[in-house]
Amino acid sequence: MKRKKQKIGWVILLITILIFVLKVTLSPVKETIIFFPLHKEAQFITAESQLNVTTSKVSPYKYNLTYHLYSELDRSAYLRQDIGLLYRNGKLATIIGLKNWKQYSANLNQNDLIKDNDTAFYQAISYHYSEIQENSNITSVQTMSMDSLYVIKSKYGQTFNSFHHPQSELEKEWQDTLKPYMDNQLNAIWNKGMNELEINRHQYNLVIPLTELSTYKDKPLPGFTKRKSEEMIGKLWEGMYKNYLFGIKTEEGTSISPYGSTIPLLLFNRDKTEILVLIITKDFQPIILKQLI
């Protein structure tokens, strides 16, 4: 009888452990980026995105691209999270940081690696976020960083040259070839999507790809104060975090993988009431996300 009770006890213990493991494994990723009023003093000491290339040890015909994401706040925060988006020739290749957030920390250091074997133009944009809790007061701190990298495959495919900014006539020729080609491709896809959704581009006084948003981290958006611009950018990232990075939300309530989709196009309307985020999925389906100002 005693052994039977022991066996039952062990079975109950194992079932309890199994339930706990399943709960942790199957629970969804916690959504942590929420825009709160900006802290009046706290600021990032460092915030950077870095793209670098190394030759693959497996094959001379391949290379490894490293996406390094680092930031440090001037104080410990209740919550720290950085999100990085990497685009290859205008299409989303990887997202870094969705599952990596820290509590009671000032810094955050992350790396991701992708493998490739061809000429490409890479663009990275990152959103650095902190939530600060002081007594019952909750505030946030934010900034952005970006990087871009050209990777050029040699004629015989056994070496790769990379550069952030052209340092020679040959590199300048590659830049003048790759980026305009990508821009033309993206504009054609965006325009087709706007036509399908009956969006009049002329109703928007500022139209920029997401990868250029970081140019406004230290200056106001046209027609807005710096404080209002920071609020708009924070709420925009919160909206994209929930409705884009975890899956592109459709009007039907379904979710589509963001991988392979175009760089989102941001459209700020002239009457200062909304921001449209135009995303073209991997299957060329145009989707609009709307952020009220």
Side-chain angles (χ1 to χ4, degrees), residues 49 51 83-95 118-127 144 146-150 174-217 221-224 229 232-233 235-252 254-293:
S49 302
L51 300 178
I83 299 294
L85 289 80
L86 179 66
Y87 296 91
R88 180 188 186 277
N89 297 333
K91 305 292 181 66
L92 183 63
T94 192
I95 302 172
D118 208 350
T119 295
F121 176 46
Y122 292 94
Q123 295 169 282
I125 181 165
S126 308
Y127 180 67
M144 293 178 286
M146 64 176 291
D147 197 13
S148 60
L149 186 71
Y150 295 84
W174 274 111
Q175 182 187 54
D176 292 343
T177 299
L178 289 179
K179 192 172 188 309
Y181 177 78
M182 182 197 75
D183 289 342
N184 289 336
Q185 292 285 97
L186 286 175
N187 279 314
I189 296 171
W190 287 330
N191 288 332
K192 186 175 183 295
M194 283 187 281
N195 288 334
E196 290 183 25
L197 298 174
E198 299 182 343
I199 297 172
N200 184 355
R201 189 166 183 159
H202 299 293
Q203 293 180 350
Y204 301 86
N205 64 328
L206 177 63
V207 180
I208 58 170
L210 176 65
T211 45
E212 293 181 13
L213 185 62
S214 65
T215 59
Y216 293 96
K217 68 177 182 178
L221 293 160
F224 297 95
S229 296
M232 291 164 57
I233 289 172
K235 290 181 177 178
L236 179 63
W237 273 105
E238 178 186 354
M240 290 194 300
Y241 179 75
K242 295 177 179 177
N243 300 301
Y244 168 51
L245 302 184
F246 283 99
I248 305 170
K249 302 299 188 297
T250 67
E251 291 183 352
E252 294 77 23
T254 59
S255 180
I256 300 173
S257 171
Y259 292 98
S261 64
T262 62
I263 298 172
L265 186 67
L266 310 179
L267 300 96
F268 298 76
N269 69 348
R270 296 183 183 277
D271 60 9
K272 302 180 181 180
T273 58
E274 67 179 17
I275 306 168
L276 296 186
V277 181
L278 174 64
I279 304 166
I280 312 298
T281 69
K282 183 179 180 179
D283 297 325
F284 299 100
Q285 178 183 349
I287 295 176
I288 279 290
L289 304 176
K290 184 181 295 186
Q291 178 70 51
L292 298 179
I293 295 175

Result block: side-chain N/O donor-acceptor pairs under 3.5 angstrom for residues 277-293, not counting sequence neighbours:
residue : atom : partner : partner atom : Å
T281    : OG1  : D283    : N            : 3.3
T281    : OG1  : Q285    : N            : 3.0

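Closest of all the heavy-atom pairs between M144 and K217 is O-CD, 3.2 Å. What you find for I263 and P209 is that their closest heavy atoms are CG2-CB, 3.9 Å. Counting all heavy atoms, side chain and backbone alike, F121 lies closest to S148 at CE1-CB, 3.8 Å. Residues K272 and G223 approach most closely at NZ-O, 2.7 Å, considering heavy atoms. Of all non-hydrogen atoms in P258 and G247, the two that sit nearest each other are CD-CA, 4.1 Å. Nearest approach of L221 to F268, heavy atoms of both residues: CD1-CE2, 3.9 Å.
A distance of 10.0 Å separates CG of L86 from CG of D147, quoted to the nearest 0.5 Å. Distance CG/L85 to CE/M146: 12.5 Å, rounded to 0.5 Å. Summarising the geometry, atom CE belonging to M232 is positioned 10.5 Å from atom OH belonging to Y216; distances are rounded to the nearest 0.5 Å. Summarising the geometry, atom CD1 belonging to I189 is positioned 10.5 Å from atom CG belonging to N191; distances are rounded to the nearest 0.5 Å. To the nearest 0.5 Å, atoms CD1 (I199) and CG (N269) are separated by 11.5 Å. Atom CH2 of residue W237 and atom CD1 of residue I125 lie 4.5 Å apart, to the nearest 0.5 angstrom.
Side-chain atoms of E252 and T254 include no donor-acceptor pair closer than 3.5 Å.
Annotation: side-chain hydrogen bond (donor to acceptor under 3.5 Å, both in side chains) contacts of K192 (sequence neighbours excluded): E196. By the salt bridge (charged side-chain N to carboxylate O under 4.0 Å, His left out) test, D118 pairs with no residue at all, sequence neighbours left out.
The side-chain heavy atoms of Y87 and L210, taken from C-beta on, include a pair separated by under 4.5 Å.
R201 contributes no side-chain N or O that, together with a main-chain N or O of L267, makes up a donor-acceptor pair within less than 3.5 Å. Judged by distance alone, with hydrogens and angles left aside, the side-chain atoms of N89 form no donor-acceptor pair with the main-chain N or O of A120 at under 3.5 Å.
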Using side chain to side chain contact (heavy atoms under 4.5 Å, CB included), reason through Y244 and L92 one step at a time and then give a plain yes or no.
CA-CA 11 Å; Y244 168 51; L92 183 63; 3.9 Å; yes
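The aromatic rings of Y241 and F246 sit perpendicular to each other, their planes meeting at more than 60°, with 30° as the lower class boundary.
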